[in-house]
Amino acid sequence: MNEQAPAIELKGISKAFGPVQANKDISIRVMPGTIHGIIGENGAGKSTLMSILYGFYKADAGAVFISGQKTAIPDSQAAIAAGIGMVFQHFKLVENFTVLENVVLGAESGARLGPSLAKARKELTQLAADYELNVDPDALIENIGVGMQQRVEILKALYRQADILILDEPTGVLTPAEADHLFRILEGLKAQGKTIILITHKLREIMEVTDTVSVMRRGEMTATVKTSETSPAELAELMVGRKVLLRVDKVPAQPKDMVLEVDNLEVIDDKGVKRLKGISLNVRAGEILGIAGVSGNGQSELLEVLGGIQSATGRVKLNGQDIDLTGKHSDGRSRRKRGIAHVPEDRQREGLIMDFKAWENVAFGYHHEEEYNAGLLMDQAAIKDDAAGKFTRFDVRPDNPMLEAKNFSGGNQQKIVLAREIERNPDLLLVGQPTRGVDIGAIEFIHQRIVELRDAGKAILLVSVELEEILSLSDRIAVIFDGQMMGEKLPNDTDEKELGLMMAGMTKEPDGPVHEAVEAQLAHVDGEAK
Amino acid sequence: MQTMPKWADIVLIPVINLLLAFIISGFVILAIGEDPIAAVGLMVEGALGSSYGWGFTLYYATNFIFTGLAVAVAFHAALFNIGGEGQAALGGLGVALVCLMIPWPHWTVALVAASVGATLFGALWAIIPAYLQAKRGSHVVITTIMFNFIAAALLNYVLVNILRPKGTMDPASAKFAEATHLPTISDMLNAVGIPFAARTPANITLIIALLACVAVYYLIWRTKLGYQIRAFGKSQAAAKYAGISSVKIIMVTMAISGGLAGLMAINNVMGEAERLVLNSVEGAGFIGIAVALMGRSHPFGVLLASILFGFLYQGGAELALWTTIPRDLVVVIQALVILFTGALDGMVRAPVERVFLMMRKKEA
C-alpha cells in the first residue's frame, strides 16, 4: 500500500516465560509519522512486547525491522542506538537532580560534566522550541509536577535522538487537562515525522490520538485497524473477546441513615506538610460517594485515616459514634471491629502479602476472628475452606487458593481483596482505585459487586483517579484538590470536563443547578475551599 | 510463576553452594602444601567416624541450633538479630545464677529453672535493642552488635567482681553443684545399652534443641503470632493496613529470638562447662547467622546446617590436632561456607533457574 518502509516492523515475535506464552507470533507494521496505539487487557502481553523492543527481554522467535533493516536489540543501549525511546509508566528520574542533569544522565560525553551540560542546555532549548516541550532546565525534579516530569522523560528520549517513541500508559498519573496537553505534544511530534507507539488500556485515548490501533489479547495480536474505522465498543469486544458493559447498570440509590460523618479532618505528614486541610464529608447507608481527584491530592490520606493507618485531627463518626483518630483504638484492627472494611489503593503493597499463599491472604486483617482460629493455632482447614468459597463466588482465576498471591493477575488479586472485605458485610466499605491495573472483564465484575453492596444498604466511599469510574459508580461525587474539597456534584449534572477543572483546582462559580441536599450539606465546605 | 521446583530451592542450591565452598577450600589447602583429600578424610573421620566424634559434633550443633533458630525467627519479621552472641552470654549468666543461688534437689528441676533463667536473660538482652528500634528507630543491626560488647564487658565485670570464688585467679564462677549436672548423650544411650563414647559434651540439651525446632515451626507457620510476624516481615505497609502493631511484633519477635539464643546456655554452661567462664559462647552467636541463612530460616534447614557447622567445628579441631594445617584454615573453610551459602547465593541461583526453565521448555 505504501512505498515507504515502515518505521518499525515486528515479524512473528514470540516469547514465553516458562509455560506462559506472553507473546505469540506477533507482527505489526508502524508507518513513520503515525501514532500507533496498542491496547489490551492487563497481562495481554503489551509490556512484554515493548520490553522486547527495548532490549529488556530477548524474543524466542521473530525479528525486528527498523526502517526496513533487520535489527538485533540485545539491550537498551542498542535500542537507543536504533532510535527507539521509551517513556515508562513509572518515571525513571533522579528526584534531587535538575531537569538538565536528568536529561544528560547516562549520555554524558567525557569525564567532565560541564561541557555535556552546556551542550545539553542548548539542545534542550532547541527541542523545547521545536515541540512545545517547555520545561525549566534548572528546576529540580522533585519540585515539578508529574506532567512536567513526563515531559522530561520525553525530552530524554528526544535528546538521545529517538525517532520512535514508545509511551507506556502515559496518562495514568495525569489530569484530563494534562493528558490533553500530552496529546498535543504527541501530535506535534508526529507532525515533525516522529513515530509514536502508545500503549494504554484506555479506549478514549486510543480513539482521540491514534491513527491505527492494534488490539492484544492473551499474548496474541487479535486485530489491527484504522482508528477512524472502529468504535470503542468494537475495540472493547476485541480486547475481551465478548461484549462488555462500559457503563454500570444500577438503579438509583436509596440513601438511608447516616453512616459516616467526617468533620474538619486534618493530616500533617512526617515532613510537616499538611496533606488534608479540613476535609468534611458524609456517606449514608445505601449510597456511593465518589472522591475524584488527581492522585497525590490527599485522597490516599483520607482513606488511610478512615482505615486506621494514619492518625489525624478532626472528628469522624461512624453510625453516630466517634472514632478514635490518634489513640490506642486507631489501627486497622479496631476499624474492622467497628464495621469498616478497606480495599486499599495499592493492593500489592498493602492489601495482600504477595509472598503469602492466596488462602493465607483471605484471613489477612481478620486473622483474629474466631472462625479462623482453633485454640493456640490458626485453623488452616477453616481458612482454606473459606478461601475456596470466596474463590468460587468471586470467580478468581486460576481457582487455586494454594498459589501465592503474586501468581495472580492484577484483576484476580483485586478480586481476592474484594472478596475478603465485601464478605465481611461491613457498614462502611472504603475502596481505593478498585480497578487500577485491572482488565476490562474484571472491571465489570468488580463494579457490579460494589453496587450490590450498596444495594444491600451499605455505605461506600470510593476513591479513584479514573473519572469514568467515578462517574459511572458514584451516587454523589466530591472533588478533592490539594487536601481540600472543591465541591460536590451529582453524576448526572456534571461531566468529565467540569470535574477535570475542579480536579485542577479551578472552582466553578456556584451558579450551576446543584442538588439542594448537596448544597445544604456542603455549605461550609464550599466556604473553606474559596 | 514458580521458576523451579521447591526441592531445587531448598536442597539443590545449598548443596551446590557447599560443593563450591569445599572445592575452593581444597585449593587453599593445596596451596599451603597439604593434601585436600586426606584433609577431608581426616575431618570426616574425626567428626563423624566415631561416637566420640559425634559426641562433639552434636554438642556444637546443639549450640548452633539455638542461635540459628534465634536468627531465623527474627528474619521472619525482617529483623536482623546479630546479637546472638551477647544474648547467649547473658543466658549463661541466667543459668549460672539459677544454678548457684538455689540448692537444687535434682537435675530435672534445675534444668527447667535454668532454662527459664537462660531464656529470660537472653530475651531481656534482646528486648532493649528491640525497644530502641520500635520506639526510637535505632536499627537493631547496630544496637545488637553494640549489645554484644556491652554483654562481654558486663560478664567480665560480674565474673571478676561478683561470681569469682574468693581465692581463685580464674575469672569464672564456682563449679555448679553435682545435682545440677545434666546427663550426657553417652549417659543416656549407655543406660539403654547402646554404647557411646564417654567424656563427650553432647547432652540432654540436644533434645531440647530438637523440641525448639518443632516449637519454632509451629510458632511461625501455625500460630496467629507467627502469621503476624511473617506478614510484618514481608510487608510492613500491609501489616499496618491489617492493624498489626509494629511495636508489638518487633518487641515480641526479638524477645523470642533473644530467648532462643539465651537458651543455648543450658548446653554450654550447664551441660558442658558446669560453671560460667569468660567468653563461654565462643562465637556460636555469629555462626547462628550463617546457620539461619543456609537453613533458609526454616527450623529443619537450621537443624541440618547446625549439624554441618558442628561437623566443621569438630572436624577442624581434629585437622589442627593431627596435621600441620593451622586451626585458622578451618576458619577459612567456615568463612567460605558462609560466603557461598549466604552472600553468594544469587550467583548459583540464577544459572540453576535458567537450567530449570530450559528443561521445562523442552518438556512443553
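For chain B, the nearby parts of A:I309 are the backbone and the side chain; heavy atoms of each come within less than 4.5 Å. Residue A:E304: no heavy atom, backbone or side chain, is found under 4.5 Å from chain B. Interface remark: A:R335 contributes no atoms to any contact with chain B (heavy atom separation under 4.5 Å). In this structure, no portion of A:L403 lies under 4.5 Å from any heavy atom of chain B. For a residue to count as touching a neighbouring chain, one of its non-hydrogen atoms must lie under 4.5 Å from one of that chain's; by this rule B:L219 does not touch chain A. Both the backbone and the side chain of A:F364 come within less than 4.5 Å of a heavy atom of chain B. Residue B:Q236 does not touch chain A at all, counting heavy-atom pairs closer than 4.5 Å.
Annotation for A:Y57: atom OH does not count as buried by contact number, only 12 or fewer foreign heavy atoms lying within 6.0 Å. Within a 6.0 Å sphere centred on NZ of A:K384, other residues, nucleotides and ligands contribute more than 12 heavy atoms.
Nearest heavy-atom pair, B:A242 versus A:G365, reported as atom, atom and distance to 0.1 Å: CB-CA, 3.7 Å. Among all heavy-atom pairs drawn from B:K224 and A:H367, the shortest one is CD-O, 3.1 Å.
Chain B forms the most heavy-atom pairs under 4.5 Å with one residue out of A:R347, A:R333, A:R336, and that residue is A:R336. When B:G243, B:A238, B:S245 are compared by the number of non-hydrogen pairs under 4.5 Å with chain A, B:A238 comes out ahead. Ranked by heavy-atom pairs shorter than 4.5 Å toward chain B, the options A:P344, A:S330, A:G307 are led by A:P344. Contact count against chain A (heavy-atom pairs under 4.5 Å) is highest for B:A231 among B:A239, B:G226, B:A231.
B:R222 places no side-chain N or O within donor-acceptor distance of the main-chain N or O of A:Q380, the cut-off being under 3.5 Å. Looking at B:Y241, its side chain never comes within 3.5 Å of a backbone N or O of A:G308 through a donor-acceptor pair. At least one donor-acceptor pair under 3.5 Å links the side chain of B:S235 to the backbone N or O of A:R349.
A distance of 15.5 Å separates OH of B:Y218 from CE of A:M378, quoted to the nearest 0.5 Å. A:F356 contributes atom CZ, which lies 4.0 Å from atom CZ of B:R230 (distance to the nearest 0.5 angstrom). A distance of 15.0 Å separates CG in A:L377 from OH in B:Y227, rounded to the nearest 0.5 Å.
With respect to A:E350 and B:K240, no salt bridge is recorded, no charged nitrogen being found less than 4.0 Å from a carboxylate O.
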